[in-house]
Amino acid sequence: MDFWDDVQFANLTPDEVATIKALEKKLGDDIRLVAVRSKAVLYVLEAKMAPNQWLRVDRAYPRIEKLKAYFSQYEAAKESKAALKRFLINNRLNLRKRPIRIRQIVDTEAGN
């Protein structure tokens with residue numbers, strides 16, 4: 001999965017296009033900005049820190065490098081959760097093992 005799997009091109013108003021063009025002018029002739037919008041549904045891996053308190057796994061386990069918290073596909077989130085649980089069981093970093101969940105985030109403004 002790459003960056004383009006997580007985004008879609010944004011539909012911009014003429015005022016928003018003008019704002020982007022003004023920014024491009026300030027940045028220089030060799031810079032072009034692309035407007036994208038997150039897809040309507042994302043999945044986030046979260047670790048339980050306390051009762052009713054959940055935190056993104058990349059923040060809950062900052063010692064694990066390149067740990068990704070957001071996914072555009074449920075199956076990718078599920079595979080990542082399983083891999084993280086295996087890592088925590090077998091780790092030698094003495095990381096605390098916490099319950100992990102997959103939470104679906106729905107963008108209510110998508111498609112506008």
Side-chain angles (χ1 to χ4, degrees):
M1 178 172 32
D2 65 5
F3 170 78
W4 297 110
D5 291 333
D6 291 334
V7 296
Q8 62 188 12
F9 288 100
N11 295 326
L12 302 176
T13 66
D15 288 340
E16 291 168 330
V17 171
T19 300
I20 288 175
K21 286 184 179 185
L23 287 171
E24 288 177 340
K25 188 174 182 179
K26 286 183 181 180
L27 294 171
D29 293 335
D30 59 337
I31 302 292
R32 293 294 170 257
L33 301 177
V34 177
V36 295
R37 180 180 311 276
S38 293
K39 288 189 175 179
V41 176
L42 287 176
Y43 301 93
V44 62
L45 286 182
E46 296 176 323
K48 188 173 188 176
M49 306 304 286
N52 297 320
Q53 183 183 0
W54 294 83
L55 186 64
R56 289 181 0 204
V57 292
D58 58 337
R59 292 190 178 162
Y61 296 106
R63 293 175 56 196
I64 302 175
E65 294 181 24
K66 299 181 183 178
L67 183 59
K68 188 175 175 183
Y70 291 97
F71 299 87
S72 62
Q73 297 175 353
Y74 179 78
E75 286 302 316
K78 189 174 170 182
E79 290 171 11
S80 184
K81 176 184 174 182
L84 177 57
K85 288 175 79 172
R86 281 191 307 272
F87 177 82
L88 291 172
I89 289 169
N90 297 315
N91 85 82
R92 295 186 179 168
L93 300 174
N94 293 324
L95 298 173
R96 183 172 176 193
K97 296 161 192 70
R98 301 176 179 278
I100 297 173
R101 72 176 180 186
I102 300 172
R103 183 170 60 94
Q104 181 177 335
I105 301 172
V106 179
D107 181 2
T108 58
E109 296 182 13
N112 290 339

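What's counted below: heavy atoms across the whole structure, side chains too, no hydrogens, waters or symmetry copies. All figures in this text were calculated on a predicted structure; none of them were measured in a lab.
- Between Lys97 atom NZ and Leu84 atom CG the span is 11.0 Å, to the nearest 0.5 Å.
- By the 4.5 Å heavy-atom criterion applied to side chains, Arg98 and Met49 are counted as neighbours.
- Here the CD-OH distance, from Glu79 to Tyr74, works out to 11.0 Å after rounding to the nearest 0.5 Å.
- Smallest separation of non-hydrogen atoms from Ser80 and Leu45: OG-CD1, 3.6 Å.
- Side-chain atoms of Lys81 come within 3.5 Å of backbone atoms of Ile100 as a donor-acceptor pair (strictly under, hydrogens ignored).
- The aromatic ring centres of Phe71 and Tyr43 sit 6.0 Å or more apart.
- The line from CD1 of Ile20 to CG of Leu12 is 5.0 Å long, rounded to the nearest 0.5 Å.
- The side chain to side chain donor-acceptor pair (under 3.5 Å) analysis of residues 12-34, with sequence neighbours excluded, yields the pairs Thr13-Glu16.
- Atom CD1 of Ile102 and atom CD of Glu75 lie 8.5 Å apart (nearest 0.5 Å).
- For residues 49-67, the pairs satisfying side chain to side chain donor-acceptor pair (under 3.5 Å) are Arg56-Asp58, with sequence neighbours left out.
- Follow the hydrophobic side-chain contacts under 4.5 Å out from Leu33 and you reach Val17 in the same cluster.
- By the criterion of side-chain heavy atoms lying less than 4.5 angstrom apart, applied directly or through intervening Ile, Leu, Val, Met, Phe, Trp or Tyr residues, Leu55 is not grouped with Val44; the two fall into different hydrophobic clusters.
- Within the 4.5 Å cutoff, the side chain of Asn91 has no heavy atoms near those of the Ile64 side chain.
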